[in-house]
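Both backbone and side-chain heavy atoms feed into the values below; hydrogens, waters and symmetry mates do not. Residue numbers begin at 1 in each chain, while the letters A, B, ... track the order of the sequences.
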Amino acid sequence: MEIDPFIFRFSIFILAIFVGYYVVWSVTPSLHTPLMSVTNAISSVIIVGAIIAALAGSSENIFEISSIFGFLAIVLAAVNIFGGFLVTQRMLQMYKKKKKNK
Amino acid sequence: MEIDPFIFRFSIFILAIFVGYYVVWSVTPSLHTPLMSVTNAISSVIIVGAIIAALAGSSENIFEISSIFGFLAIVLAAVNIFGGFLVTQRMLQMYKKKKKNK
Amino acid sequence: MISANLSAIFYLVSGILFILALRGLSSPETSRQGNLFGILGMIIAITVTFLTVGNFSTSTIYVFIFLLVGGAIGAFIAFKIPMTAMPELVAGFHSLVGLAAVFVAISAFKNPEAFNLGFPGDIKLASLIEMSIGAAVGAITFSGSIIAFLKLRGIMSGSPITFPGQHIVNLLIGISIFVLIYFLCSSQSESFFWSMIAISFLIGVLLIIPIGGADMPVVISMLNSYSGWAAAGIGFTLENTALIITGALVGSSGAILSYIMCKGMNRSFFSVILGGFGGDASVSNDKKKDQKPVKSGNAEDAAFLLKNASSVIIVPGYGMAVAQAQHALREMVDTLKKNDIKVSYAVHPVAGRMPGHMNVLLAEANVPYDEVFELDDINNDFANTDVAFVIGANDVTNPVAKTDPQSPIFGMPVLDVEKCKSVLFVKRSLSPGYAGVDNELFYRENTMMLFADAKKMTEDIVKNI
Amino acid sequence: MISANLSAIFYLVSGILFILALRGLSSPETSRQGNLFGILGMIIAITVTFLTVGNFSTSTIYVFIFLLVGGAIGAFIAFKIPMTAMPELVAGFHSLVGLAAVFVAISAFKNPEAFNLGFPGDIKLASLIEMSIGAAVGAITFSGSIIAFLKLRGIMSGSPITFPGQHIVNLLIGISIFVLIYFLCSSQSESFFWSMIAISFLIGVLLIIPIGGADMPVVISMLNSYSGWAAAGIGFTLENTALIITGALVGSSGAILSYIMCKGMNRSFFSVILGGFGGDASVSNDKKKDQKPVKSGNAEDAAFLLKNASSVIIVPGYGMAVAQAQHALREMVDTLKKNDIKVSYAVHPVAGRMPGHMNVLLAEANVPYDEVFELDDINNDFANTDVAFVIGANDVTNPVAKTDPQSPIFGMPVLDVEKCKSVLFVKRSLSPGYAGVDNELFYRENTMMLFADAKKMTEDIVKNI
Ligand SMILES: NC(=O)c1ccc[n+]([C@@H]2O[C@H](COP(=O)([O-])OP(=O)(O)OC[C@H]3O[C@@H](n4cnc5c(N)ncnc54)[C@H](OP(=O)(O)O)[C@@H]3O)[C@@H](O)[C@H]2O)c1
Ligand SMILES: NC(=O)c1ccc[n+]([C@@H]2O[C@H](COP(=O)([O-])OP(=O)(O)OC[C@H]3O[C@@H](n4cnc5c(N)ncnc54)[C@H](OP(=O)(O)O)[C@@H]3O)[C@@H](O)[C@H]2O)c1
């Protein structure tokens, strides 16, 4: 009577879609551009897969075909992570300065 | 490397709290009374436990101590299910009639 | 009999349908469809449970019988209950959910094999903890809701019942529940289980008796939240997704409604729960009364004023519910509208005795919901309106909330009725409302008091227009 | 090395932190904290991955090196990029996520043992399907985003590239992806895998080339949504909660933003995606021009009008972004405010070229966000305002959207600038905007055209006030 873990993951996926729906609708329109950049940054969490792939190389041959793709994916995802979060922070910082000026 | 199903259920629970938070805030204040009655009705889904308990009686002795509590719980939950959904429907029906009158 | 995987999927579907049921309530148009989703979700959950157990013995017949018995009782109540009794009804229903949770926990404890939780005397630790929490919260929900029900129904006095050291006693009992759960887990002994349940019933009573009758709506909503967490606890025991999702939904819903009510009254949740408010606090204000002159009128005067107005805002409150005046009110508004007078309704978030209370009553009297406005949407309109017709409302119009930092209701948002050219107050006396605070509007130049039962007065006004 | 359970909990925590990151964006005050939550979530996810693999070999050092190389590039871009280039930046970043997804899928295919998915040539069916979907969607995201990037950057012409039978070709290629996945699953043969990826790259290009450059924002947002679903697909393969939750969040977010944009333009999503709009459609309108008389003025006239107004609403549009006029504009507003003129900004939901585009630019120029209003909040104020200063905006002010059912923008909500006493239009010519529709406001009595580059004109006005 064990339940397949896939079904749990699927449940999590469905509920996360609901959460996403609500959480994104509640984003104020003036922050839609930072929203685009931050979603970009978080979607790079795919780096976890890249790390697993990269570390799977054997100790004699660190750069076999699958780990090379892992390393490449790490570079790409890292550009996104740093770039995405930093550019978002830069934008949000600008919004922050406002209140004082009023 | 199997993950304990409890962790999946816990994840589902946490995400459902997020969903609940958003979905309830999006309920219009004029429907807060129906909200109370409908949440009441759906919380009676606890009847699934009552049914399992009630059906667990052996065929010689349908009414042993644990199944008796199951049957009692069925009655209580059923009052709630029928009562809750019907009174909600009755209320919402009243809201429905409105638009025509405008 | 269907596989565990298939039933897990169906339970997920029913959880999703419950989410959609609440989602439907975001507007009256979609709400009935939402309710149907809820019903569908319940049917799926029940059907799947039958199929999963798959043991179609004579027990099944009894299950159906008991289901129908309960269903018939529920349906009967649902059709008979007057809309004004909704607060009691909700309290009563909560108590049933709480008790059902206790019963399911007891069954699971007595017959753990049926739920795959181990064997009597050797129940899995996690399951034991989950079911104890479910049972304890369920028991508190049950007895607390019963007290709330009795107070709301007027069977038990609404005044707070307090005794010295109450909070400490409650705290000790609360701790003893955890201690009992601990011993239960280490010894698996039945006596700890029963004691824990008994004590939980007791603390449910003790927690609610010190709270004033008028604070019951917050209590109900809080208990609603508890019943959700109890359901989630049992959901973990039964490893049932539908229950876990539903528990989380109901838990959030109750908590948010409590929050909204407390914010609408500008009181902290803790001051409500710690109790002792709203009973006889009003006495202290009595001396002030009757000293200032009051302009009072009769139905004829009111009818004259209303007839000559070009715009009217109706402000209903608890008194309208008590007097069941909504139908008469609707009739009055119809007559006014025939005379080309613009009429709208202003509903304060905590008008009446439960959230959305006035909206249901007005809906019952066929008032279109697009004529009923919330505080924020209508508060600026009072200044351009000729007459505010305040019927059985009091606290929600009290300007003291804006001016006097000493007042217990200071900071609560109120309807600015005093900005209208004239204000009509329908109530039976000068006595204060729920908060026990005198309303200075009664003594103003542009206010006319109409001392009478709300229903009677409204009917008289209709005759005179 | 930590246990699977512990890492599952940490991945959940990082998923929750990502939810909180988006939740923070509900207001500018909480947004920076939200971003920190996002960063924290990412750190947790990466750390936990290291601890779970637990194999601290020389590879670990390389992982760090590559991480830092990528991070340095990303940080460099983030600091250098001008705010006006945000649309391209987002498109470029999307392409990287897409390609990363493809690479992870390739690694998983080549070395399934590392991911517990089986063995090369004998990968679990479910995992194979999940990784194929992830790879295909990732590849489409990559090549589509590259095209979008090239079009936005102006490296590739913005006009739609169409050829006969395009949609049918796309459809056939789309189907062939599924066929290849089917054969891949039944044969586990590597050639099918590579062909599927190649074809996915191809279709990404083919899907985007027929879409006009100006429609790219909708495309970017759609690709954002795709990259989310790709991440979720890989998340199922890797059995990783953080990826699944994130994928769902990003997927929803892109879909909702596309919807908002399409609604703001009153166009259907499909008409955008099927392409062919916004390239040279404008040519047809050209003949109408110059026939009607136009009142045009210079910086002095404009300064005079503005100085004598008591209230001004600024309407920025795409032209302001192109001209980088936001700082000059801010300066102009400061000068006006010193003269006790009330100034606010009105931002249309699709002003500029991406959602919230104008808000970022104004924020960059230090405009307080509480002076910037959305369409619904300010549209009624135009009637009581002296001057509307329209800078580089066009379509979002076009009254034809309200009056002419034949017009392609009919039904799109617009800013009612024509209700102001006078309207100043800063743009370089009478040519239409993005939608290619002539704007009749240019020919009205109370309109004065200021033909010049937005930045230049604003600076001149400042000098003249
Ligand atoms: N809605 C909620 O969720 C909720 C929850 C908890 C607490 N509350 C509290 O309840 C109060 C609600 O304010 P409210 O203005 O609606 O009510 P209120 O302030 O309690 O005043 C109701 C008034 O109605 C009058 N009344 C009673 N029976 C009547 C009858 N048969 N005919 C005519 N008048 C009658 C009473 O005056 P007479 O005795 O002189 O007739 C009383 O002053 C607030 O203080 C709020 O904080 C509300
Ligand atoms: N924001 C979004 O998310 C989004 C997404 C997709 C599509 N769109 C579309 O984009 C349009 C946005 O409307 P909009 O009013 O902001 O822009 P618009 O209608 O495209 O008009 C921009 C105007 O700016 C002028 N301009 C260009 N460069 C300039 C410069 N350097 N100095 C001064 N003026 C300059 C142009 O006229 P001249 O050539 O005469 O100078 C043009 O008419 C809408 O049609 C919308 O549907 C927006």
Side-chain angles (χ1 to χ4, degrees), chain A residues 9 12-13 16-17 19-21 23-24 26-33 35-36 38-40 42-46 48-57 59 62 65-66 69-83 85-89 91-92 94-95 97-98 101-102, chain D residues 18-19 22-23 25-28 31-32 35 38-39 42 45 49 53 55 57 59 63 66-67 69-71 73-75 77-78 86 90 93 96-97 99-101 103-104 106-107 110-111 114 227 231 234 238 242-246 248-250 252-253 256 355-356 359-360 363-364 368-369 374:
Chain A
R9 296 205 176 88
I12 290 172
F13 180 61
I17 291 179
V19 175
Y21 175 86
V23 92
V24 172
S26 75
V27 170
T28 165
S30 68
L31 292 175
H32 275 160
T33 300
L35 172 65
M36 290 181 95
V38 85
T39 51
N40 196 280
I42 65 173
S43 63
S44 325
V45 69
I46 199 156
V48 302
I51 295 176
I52 298 174
L55 291 183
S59 37
I62 293 176
I65 175 95
S66 87
F69 276 110
F71 285 116
L72 290 177
I74 287 177
V75 177
L76 298 177
V79 173
N80 253 306
I81 293 174
F82 282 73
F85 281 123
L86 287 175
V87 85
T88 309
Q89 193 69 12
M91 276 192 263
L92 296 176
M94 299 186 318
Y95 283 84
K97 282 188 236 135
K98 307 318 132 51
N101 298 321
K102 220 210 162 168
Chain D
F18 293 148
I19 293 174
L22 300 197
R23 187 170 140 67
L25 293 173
S26 60
S27 92
S31 62
R32 285 162 325 113
N35 202 38
I39 294 172
M42 191 59 76
T49 308
V53 176
N55 156 15
S57 60
S59 302
V63 169
F66 284 106
L67 200 70
V69 169
I73 301 173
I77 298 175
M86 282 310 296
V90 171
F93 277 173
L96 302 185
V97 179
L99 196 58
F103 286 173
V104 173
I106 293 176
S107 296
K110 296 297 284 180
N111 187 1
S227 75
I234 302 286
L238 306 187
L243 255 173
I244 294 176
I245 294 179
T246 313
L249 290 178
V250 177
S252 309
S253 150
I256 290 171
N359 303 81
V360 193
E364 188 193 8
Y369 59 77
E374 285 168 50

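- Minimum heavy-atom separation, Met94(A) to Ala363(D): CB-O, 3.8 Å.
- The closest side-chain heavy-atom distance from Leu243(D) to Ile46(A) is below 4.5 Å.
- For the side-chain contact (heavy atoms from CB on, under 4.5 Å) test with Leu31(A), the passing option among Leu22(D), Leu25(D), Val360(D) is Leu25(D); the others fail.
- Most heavy-atom pairs under 4.5 Å with chain D: of the set Leu72(A), Val19(A), Ile81(A), Asn80(A), this distinction falls to Asn80(A).
- The closest side-chain heavy-atom distance from Leu92(A) to Ser31(D) is below 4.5 Å.
- Most heavy-atom pairs under 4.5 Å with chain A: of the set Val69(D), Ile234(D), Ile39(D), Leu249(D), this distinction falls to Ile39(D).
- Under the 3.5 Å distance criterion, the side-chain polar atoms of Asn35(D) are matched with a main-chain donor or acceptor of Phe85(A).
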Legend entry - Test side-chain contact (heavy atoms from CB on, under 4.5 Å) applied to Met36(A) and Met86(D), step by step: CA-CA 10 Å; Met36(A) 290 181 95; Met86(D) 282 310 296; over 6 Å; no
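- No other option in Val45(A), Val38(A), Leu35(A), Ile65(A) has as many heavy-atom pairs under 4.5 Å with chain D as Val45(A).
- Between the NE2 atom of His32(A) and the CD1 atom of Ile256(D) there is a distance of 8.5 Å, given to the nearest 0.5 Å.
- Contact count against chain D (heavy-atom pairs under 4.5 Å) is highest for Val48(A) among Val48(A), Ile12(A), Val23(A), Leu86(A).
- A heavy-atom distance below 4.5 Å is found between the side chains of Val79(A) and Phe93(D).
- Annotation: maximal heavy-atom pairing with chain A below 4.5 Å, among Ala242(D), Ser253(D), Ala231(D), occurs at Ser253(D).
- Closest approach of Pro28(D) and Thr28(A) over heavy atoms only: CD-CG2, 4.4 Å.
- The OH atom of Tyr369(D) sits 10.5 Å away from the OH atom of Tyr95(A) when rounded to the nearest 0.5 Å.
- For the set Ala100(D), Ala114(D), Ser27(D), Ala78(D), the entry with the most heavy-atom pairs within less than 4.5 Å of chain A is Ala78(D).
- What you find for Val250(D) and Ser43(A) is that their closest heavy atoms are CG2-CB, 3.9 Å.
- Taking OG1 of Thr39(A) as the start and CZ of Phe18(D) as the end, the distance is 12.0 Å to the nearest 0.5 Å.
- Among Leu99(D), Val90(D), Ile106(D), the residue making the largest number of heavy-atom pairs under 4.5 Å with chain A is Ile106(D).
- One finds the OG atom of Ser227(D) at 6.5 Å from the CG atom of Asn40(A) (value rounded to the nearest 0.5 Å).
- In terms of heavy-atom proximity, Gly71(D) sits nearest to Ala78(A) at N-CB, 3.7 Å.
- Counting heavy-atom pairs closer than 4.5 Å to chain A, the top residue among Leu238(D), Val97(D), Ile19(D) is Val97(D).
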Inset, instruction - For side-chain contact (heavy atoms from CB on, under 4.5 Å), just list the numbers for Ser252(D) and Ile17(A), CA-CA rounded to whole Å, side-chain angles, deciding distance to a tenth of an Å, and then say yes or no. - result: CA-CA 6 Å; Ser252(D) 309; Ile17(A) 291 179; 4.2 Å; yes
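- When heavy atoms are compared at a cutoff of 4.5 Å, Leu67(D) approaches chain A by way of both its backbone and its side chain.
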Inset, instruction - Test side-chain contact (heavy atoms from CB on, under 4.5 Å) on Ile73(D) and Phe82(A) and set out the steps. - result: CA-CA 8 Å; Ile73(D) 301 173; Phe82(A) 282 73; over 6 Å; no
Legend entry - Candidate pair Thr33(A) and Asn359(D), rule side-chain contact (heavy atoms from CB on, under 4.5 Å), full reasoning: CA-CA 8 Å; Thr33(A) 300; Asn359(D) 303 81; over 6 Å; no
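- With Ser107(D) contributing its side chain and Ser66(A) its backbone, the two residues share a donor-acceptor pair below 3.5 Å.
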